[in-house]
Structures are given as C-alpha cells and as structure tokens.
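Before any comments, here is the structure.
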Amino acid sequence: MTLVDTPLEESIGRQGAPTSDPALLAWVAEVAALTRPDRIVWANGSDAEWKALTDQLVDAGTITRLQAKPDSFLALSDPIDVARVEDRTFICSVDEADAGATNNWMDPALMKQIMTGLYDGCMRGRTMYVVPFCMGPFDAPVPKLGVEITDSEYVVISMKIMTRLGHKAIELIEAGQPWVKALHSLGAPLRPGQADVAWPCNETKYIVQFPEERAIWSFGSGYGGNALLGKKCYSLRIASAMARDEGWLAEHMLIMKLTSPEQQVHYVAAAFPSACGKTNLAMMEPTIPGWKVETLGDDIAWMTFGKDGRLYAVNPEYGLFGVAPGTGWATNPNAMRTIEQGHSLFTNVALTDDGDVWWEGMTDEPPAHLIDWRGRDWTPSGLDADGNTLASAGSPAAHPNSRFCTPITQCPILADEYADSVGVPISAILFGGRRKTTVPLVTQSRDWQQGVFMGATLSSETTAAATGAVGVVRRDPMAMLPFIGYDAGDYFAHWIDVGKGADADKLPKIFYVNWFRRDADGGFLWPGFGENSRVLKWIVERLDGSAAAVETPIGHVPAPGALDVDGLGLTVEQIEAALAVSPEEWAAEIPLIEEWFEHIGDTVPSTLRDELQSLKLRLGQG
Ligand code: GTP
Ligand code: SPV
Ligand code: MN
C-alpha cells in the first residue's frame with residue numbers, strides 16, 4: 001500500500017503522491033488543508049492494501065472477520081446510518097429550475113459555504129484516502145474517471161469491490177482525460193486521545209451533486225449510496241446530466257443476456273426501484289427448460305447508440321451491492337454462489353454462532369441463536385435460555401436494507417460481454433414496480449412514446465433502501481426518482497428525443513412488469529424469481545412476433561394461453577388475476593398521474609400529456 005505516513009504538511013507538500021498531475025495534487029492539498037487529516041494515503045486497490053485496511057478495521061471493531069467464509073467481513077452500522085437519505089440529497093445546479101420539482105435544491109455557493117463549514121477540520125485524527133477509480137471499462141472511448149477523497153476505510157474497501165480502483169485511473173487522468181471530484185467525509189473528527197467508535201458518522205448529513213461542475217460533496221454518512229460516490233452520485237446523478245448533454249442514457253437498470261432454446265440471444269435492461277428485484281432478475285435461474293440467463297449488471301446501465309443504430313448498454317460497476325434479506329438458495333442461488341466465494345463485505349446482517357452471516361429469507365428456519373444487526377442476542381422465539389424476553393424480540397435479525405458487497409467477477413453466470421467497453425445491444429427495456437394492485441404482470445407498449453409514458457408514470461411502494469416510511473405508493477419515474485440529476489420533465493423529454501432520433505425498428509421494445517401484485521388474502525399472485533423466466537419468454541416471443549397479445553387501454557397483455565404456465569401449478573383464475581387490467585383501478589390511477597405531471601410542471605413534454613389524454617379516452621374518460 002502506498003502508505004505515506006508523513007506529517008500532514010509534508011504530505012500536502014506532495015511527498016509520496018503517486019502522481020505529479022497538478023490539478024489532482026492541488027485538489028488533494030486543498031481538501032487536506034480544509035479537513036486537516038493526520039495523514040494522507042493514496043489507495044491503489046492492491047490485495048496488500050485490502051489486507052492492511054481490513055486488518056485495521058477489524059482492530060477498530062468496525063468489521064468482524066467471518067470464520068465461515070474466506071476473506072469476508074461483517075460491518076454493523078450506527079442505527080442512524082442504514083440507508084440512502086433522500087431528504088438530505090441535493091442537486092445544486094446553478095439555476096434552481098434545472099433541479100426541477102423532484103429534487104432538493106440549494107444555491108451552489110450557499111451549499112458550498114455550509115459544507116465548507118462542516119468540512120473544516122472534519123478529518124482531524126483520521127487518515128484521508130485518495131481513491132482513484134473508473135466507472136466502466138478503462139478502455140472506453142471516454143473512460144469515466146473519478147477520484148474520491150474519503151476518511152473512511154470502509155469506503156475504500158467497498159470502492160475496491162464496486163469500482164475499477166487503481167493507478168490506471170491516475171494514468172488516464174495524467175493523459176488529460178476528464179475526471180469527477182468526489183469528496184466524502186464521515187464528519188467524525190477525533191480529538192487527540194479520543195477513542196473512536198465502531199461506525200463513525202454524523203447526525204447531520206448532506207449528499208450533494210453539483211451537476212455543472214460534475215462534482216460530488218458528501219458528508220456525515222458511511223452507508224453505500226451516500227458514501228460510495230462512484231455508485232449513485234456519479235453513475236446516475238452526475239452521469240444523467242452528462243447523458244442529457246451528450247445524447248445517451250444513464251439509468252437505474254440491470255442488464256441481462258437471455259438465450260432461448262433455439263440459441264437466439266437477446267439482451268434485456270430493466271429498471272425497477274430500489275429493493276424491487278433488479279439483482280434477482282439479473283441473476284435468475286429460469287424454471288422453464290432450455291432458457292439460459294447470464295448477468296451483465298444488477299443496478300446501473302449506461303446506454304449509447306452504436307454505429308448500427310442500436311442502443312448498447314454497459315454496466316459501470318465492478319461489484320454487486322445487493323439487498324440481503326430475501327436472498328437465499330431458493331430465490332437467488334447465483335447470488336449465494338457469488339458470496340460463497342468470499343472476498344465480500346456484509347453490512348447490517350446477522351452473525352451466526354459459527355461465524356457466518358444470516359438474514360431473513362436466506363433459509364426457511366432461522367438458526368437457534370444469532371447476533372442481530374444491532375449487536376444483540378437474537379433467537380427465533382425472542383426468549384433467552386432462561387425464558388427472559390430479549391431486547392431484540394420481535395425485530396428482524398438483519399436490517400431490511402442490509403447488504404452484501406461482492407465482486408461481480410465472482411458471479412458464476414457472468415456474461416463474457418460484461419467487460420466489453422462497447423456494451424451489448426438491448427432488445428427490450430422493462431420498467432417495473434412494486435404494486436399490490438392495478439398493475440398487471442406484464443404489459444407491452446405500442447411504441448417508444450407509450451413506453452416512455454409507462455416509465456414516466458411508473459409507481460411503486462417505498463422500501464427500506466431509503467430512510468422514511470415503507471410501503472407508500474409513489475411515482476418513481478424510470479425507477480430514477482432519487483437519481484435524476486436534473487429536471488424530471490427535461491429528463492422525460494430527453495427520453496422522447498432519444499427515441500425520435502433513432503430508427504424505430506432498432507429501438508428496444510418497452511414493457512411494464514409487476515411481480516408484486518397480491519390476491520385477496522394478501523399473498524403474491526405470481527411466484528416470481530425463477531418463474532419470471534415465463535414472462536421473459538413471452539417478451540422475447542413478442543420481439544420475434546410469435547406470441548399473442550390482446551390490446552387493453554394501457555397496452556398489450558398476454559392473450560389467454562400465450563404465457564407459458566406449463567407446470568406452474570396456478571389456476572386459470574389466478575393467471576387471469578395476475579394479468580387483469582381493471583378499468584376501475586386504472587380510472588383511480590388517472591388523477592394520480594395528473595397530479596404527478598402537475599407536480600413536475602411545464603417541462604413535462606406535450607407528447608406525454610397526449611399519451612395521458614389518449615389513455616383517458618380509452619378508459620372512457622375525457
Ligand atoms: P437495489 O439494490 O436496492 O436497487 O434493489 P434491487 O432492485 O436489486 O432488488 P433485489 O433484487 O435485491 O430485490 C429486493 C427484494 O425483493 C428482495 O428481498 C427480493 O427477495 C425481493 N424480490 C425480488 N424479486 C422478486 C420477485 O420476483 N417476487 C417477489 N415476491 N419478491 C422478489
Ligand atoms: C439502491 O438504493 O438503489 C441501491 C443501494 O442500489 S445504494 O447504493 O445505497 O443506492
Ligand atoms: Mn439500486
């Protein structure tokens with residue numbers, strides 16, 4: 001490891017920095033002069049560095065080494081730091097209108113003044129790490145480089161898993177490629193002699209993007225989406241602004257490769273809101289014979305038009321930061337195989353007595369005793385051996401937003417094309433949400449424009465991936481509500497423009513799916529997971545024109561008998577209920593969509609207002 005354990009003034013004096021790039025050195029010196037760390041370390045992503053930092057974090061009590069998995073660790077966070085903080089997330093564009101109605105905004109100069117106050121001395125007693133990284137392949141035509149400065153070792157080791165971290169990024173910066181400045185602090189300085197806590201953070205949190213400057217300032221949180229700045233802050237909020245300017249798309253989407261029994265290959269991208277099934281679909285094991293799924297990405301897709309006029313997708317990430325609860329051998333065996341190999345970091349899951357991890361949904365029955373995500377004894381009954389009620393009684397052993405962080409290269413079904421900087425041509429885009437009612441299992445849009453309308457009006461129940469209430473239906477356009485780096489109406493217009501500029505035959509076909517519809521007893525109408533391959537099969541057959549569909553007011557749904565339900569064990573009534581388009585339920589949806597467009601304001605493109613108008617007419621309104 002390039003550990004430069006020299007006094008700060010000397011470090012600022014450029015001793016030991018693995019670069020002489022003036023802009024990079026000047027920025028590091030400027031941040032160090034403000035934040036006053038005890039020392040500066042340049043991270044290089046080596047195995048030796050991983051070993052040194054994990055040892056250091058074990059000694060500090062931040063992580064525990066897992067006896068049951070190779071080179072794997074468990075971190076338990078502060079209970080105030082478990083998820084993205086949308087109410088503390090800002091798009092600080094120069095002009096307030098550019099942030100739009102769906103983002104928090106503050107004048108960039110004022111925000112910088114406030115945050116400079118918070119950053120002043122905020123790294124005292126700590127080490128400042130300079131973390132050079134690349135989102136997507138290094139050999140991209142324009143590699144998407146960044147440097148994160150952080151005072152969190154947990155962030156450095158997580159960034160090693162999630163990004164291409166290393167000196168190659170510095171070489172490209174030195175060669176004159178553009179790069180994003182990403183500043184992060186836990187906001188937990190230490191006085192001389194002050195003991196550290198296991199999970200330092202600050203009650204005050206700011207997650208701030210400056211889109212014009214392509215800069216990120218984050219303060220107060222160590223949690224994934226708030227602190228691993230290459231992920232949501234760069235690859236979605238900043239990248240979406242880049243994509244608008246440059247004519248491409250930066251989206252909250254998985255990327256998968258589907259091979260049919262006839263060896264036909266299709267690449268599919270799918271946008272579902274946080275904790276709504278992207279990782280599971282990306283890694284699924286099809287239940288229908290002869291179909292094969294391979295993974296390219298589970299959270300983010302960057303899509304650009306290729307020379308042949310098709311839309312090509314690249315996954316900018318290098319790791320998986322997946323929701324732990326619900327992940328098990330029955331639901332997502334490929335995720336289990338990925339983490340079995342080790343080299344993984346788990347956050348806020350439970351610890352078993354034999355030094356392994358456990359979470360709700362991993363196995364049918366929990367182990368007899370666990371340490372829960374808050375470090376407390378936990379038993380299935382909520383009672384200790386003497387029959388006394390435990391403090392953990394009645395709460396889940398793992399936090400609902402607990403996560404596994406693991407190298408994507410360990411995924412046993414990773415597609416070879418994963419590392420291709422050109423990406424893969426997308427045949428179909430799926431939008432999906434978590435809705436108990438109203439939204440059918442699958443609907444195909446008539447054309448790109450109606451597909452954009454489906455995406456723009458996507459709704460879903462909130463999940464534990466962000467702080468705040470869970471289970472509340474909200475609009476989450478293209479699953480990007482918390483991630484659009486500019487005005488949402490302009491973002492819709494950009495989607496429309498992307499379609500207008502393209503050859504309609506070559507554009508991906510757009511579908512809307514819902515795995516989460518419930519029956520009258522509250523149970524899922526559709527078994528989901530590997531059985532979703534049946535829906536993928538219908539989608540592929542729609543692409544080649546062989547599957548039948550019926551037209552409904554909201555789009556095309558599978559005709560009776562068109563969905564392969566062979567061996568599924570559902571009744572005809574159950575399948576009908578999963579596919580049903582209820583005019584009453586959709587009539588109730590219309591005012592919500594109107595309110596949503598009203599909320600976004602004038603920038604909603606007229607084409608989408610036209611789509612709404614024709615939907616109303618088809619529903620007999622208007
Ligand atoms: P983020 O990483 O937050 O963006 O989430 P994600 O979209 O990747 O969601 P993920 O695949 O991790 O799934 C979230 C939760 O939904 C997990 O608890 C899954 O078990 C559950 N889930 C995923 N797919 C299905 C499905 O088809 N049916 C049902 N019922 N649950 C599912
Ligand atoms: C999400 O919340 O959509 C995630 C996890 O994928 S985070 O990186 O925290 O954003
Ligand atoms: Mn996500």
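Reckoned from all heavy atoms, side chains included, excluding hydrogens, waters and symmetry mates. Each ligand, and each atom within it, is numbered from 1 in the order the structure gives.
Among all protein heavy atoms, the one lying closest to atom 5 (O) of ligand 1 is A275 N, 2.7 Å. Protein heavy atom closest to atom 4 (O) of ligand 1, with residue, atom name and distance, is K278 NZ, 2.8 Å.
Of all the atoms in ligand 1, the ones that sit under 4.0 Å from a non-hydrogen atom of D299 are 4 (O). Short contacts between ligand 1 and G326, defined as distances under 4.0 Å to a heavy atom of the residue, involve ligand atoms 18 (O), 20 (O). Of all atoms in ligand 1, numbered sequentially from 1 with element shown, those under 4.0 Å from a heavy atom of N280 are 10 (P), 11 (O), 12 (O), 13 (O), 19 (C), 23 (C), 24 (N). Within the listing of ligand 1, atoms 1 (P), 3 (O), 4 (O), 5 (O) sit less than 4.0 angstrom from a heavy atom of S274. Within ligand 1, the atoms closer than 4.0 Å to a non-hydrogen atom of P325 are 17 (C), 18 (O), numbered from 1 in the order shown. For ligand 1, the atoms closer than 4.0 angstrom to any heavy atom of R434 are 15 (C), 16 (O).
Contacts of F516 with ligand 1, taken as heavy-atom pairs under 4.0 Å, involve the side chain alone. At a 4.0 Å heavy-atom cut-off, ligand 1 touches P273 through the backbone alone.
Using a non-hydrogen distance threshold of 4.0 Å, R403 registers as a contact of ligand 1.
Every N/O-N/O distance between T327 and ligand 1 stays at or above 3.5 Å. Considering backbone and side-chain atoms together, G322 places no N or O closer than 3.5 Å to any N or O of ligand 1. Some N or O of N532 is nearer than 3.5 Å to an N or O of ligand 1, by distance alone. The shortest N/O to N/O separation between F529 and ligand 1 falls below 3.5 Å. At a 3.5 angstrom cut-off on N or O pairs, K232 does not count as close to ligand 1. The shortest N/O to N/O separation between G528 and ligand 1 does not fall below 3.5 Å.
K509 NZ: more than 12 foreign heavy atoms inside a 6.0 Å radius. Within 6.0 Å of atom OH in Y491, more than 12 heavy atoms from other residues, nucleotides or ligands are found, so the atom counts as buried in its surroundings.
D566 has no carboxylate O lying under 4.0 Å from a charged side-chain N of R534, or vice versa, which leaves the two without a salt bridge. Using a cutoff of 4.0 Å between basic side-chain nitrogens and carboxylate oxygens, K160 and E153 are not scored as salt-bridged. The existence of a salt bridge linking R88 and E86 is excluded, since no basic side-chain nitrogen approaches an acidic carboxylate oxygen closer than 4.0 Å.
Considering each of A464, G277, A466, the one bringing a non-hydrogen atom nearest atom 9 (O) of ligand 1 is G277.
No hydrogens or angles considered: nothing links the side chains of W373 and S402 as a donor-acceptor pair under 3.5 Å. Neither side chain, T327 nor N332, offers a donor N or O lying under 3.5 Å from an acceptor on the other. Inspection of the D298 and T279 side chains reveals an N or O donor paired with an N or O acceptor under 3.5 Å. No side-chain donor-acceptor contact under 3.5 Å links S395 and R374. For the residue pair W515 and N280, no side-chain donor N or O sits within less than 3.5 Å of a side-chain acceptor on the partner. Side chains of S392 and D372: no donor on one and acceptor on the other come within 3.5 Å. If you check the side chains of E417 and Y267, you find a donor sitting under 3.5 Å from an acceptor.
For E576, there are no salt bridge (Lys or Arg N to Asp or Glu O under 4.0 Å) partners at least two apart in sequence or on another chain. By the salt bridge (Lys or Arg N to Asp or Glu O under 4.0 Å) test, R518 pairs with no residue at all, sequence neighbours left out.
Shown here are the protein N/O/S atoms lying under 2.8 Å from the Mn ion (ligand 3), water excluded: K232 NZ, H252 NE2, D299 OD1.
At least one side-chain heavy atom of K257 sits under 4.5 Å from a side-chain heavy atom of T259.
The two atoms that bring W359 and P325 nearest to each other are CD1-CA, 3.8 Å, heavy atoms only.
Between Y206 and F90, the ring-plane angle classifies as tilted under the 30° and 60° cut-offs.
At least one donor-acceptor pair closer than 3.5 Å links the side chain of T571 to the backbone N or O of Q574.
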Could you list, one pair per line, each nitrogen or oxygen of ligand 2 together with any protein nitrogen or oxygen closer than 3.5 Å, giving atom names and the distance rounded to 0.1 Å?
{"unit_1": "ligand 2", "atom_1": "2 (O)", "unit_2": "R84", "atom_2": "NE", "d": "2.9"}
{"unit_1": "ligand 2", "atom_1": "2 (O)", "unit_2": "R84", "atom_2": "NH2", "d": "3.2"}
{"unit_1": "ligand 2", "atom_1": "2 (O)", "unit_2": "S274", "atom_2": "OG", "d": "3.1"}
{"unit_1": "ligand 2", "atom_1": "3 (O)", "unit_2": "K232", "atom_2": "NZ", "d": "2.6"}
{"unit_1": "ligand 2", "atom_1": "3 (O)", "unit_2": "H252", "atom_2": "NE2", "d": "3.3"}
{"unit_1": "ligand 2", "atom_1": "3 (O)", "unit_2": "S274", "atom_2": "OG", "d": "2.5"}
{"unit_1": "ligand 2", "atom_1": "6 (O)", "unit_2": "K232", "atom_2": "NZ", "d": "2.6"}
{"unit_1": "ligand 2", "atom_1": "6 (O)", "unit_2": "D299", "atom_2": "OD1", "d": "3.3"}
{"unit_1": "ligand 2", "atom_1": "6 (O)", "unit_2": "D299", "atom_2": "OD2", "d": "3.4"}
{"unit_1": "ligand 2", "atom_1": "8 (O)", "unit_2": "G225", "atom_2": "N", "d": "3.4"}
{"unit_1": "ligand 2", "atom_1": "9 (O)", "unit_2": "Y223", "atom_2": "OH", "d": "2.8"}
{"unit_1": "ligand 2", "atom_1": "9 (O)", "unit_2": "G225", "atom_2": "N", "d": "2.9"}
{"unit_1": "ligand 2", "atom_1": "10 (O)", "unit_2": "R84", "atom_2": "NE", "d": "3.2"}
{"unit_1": "ligand 2", "atom_1": "10 (O)", "unit_2": "K232", "atom_2": "NZ", "d": "3.0"}

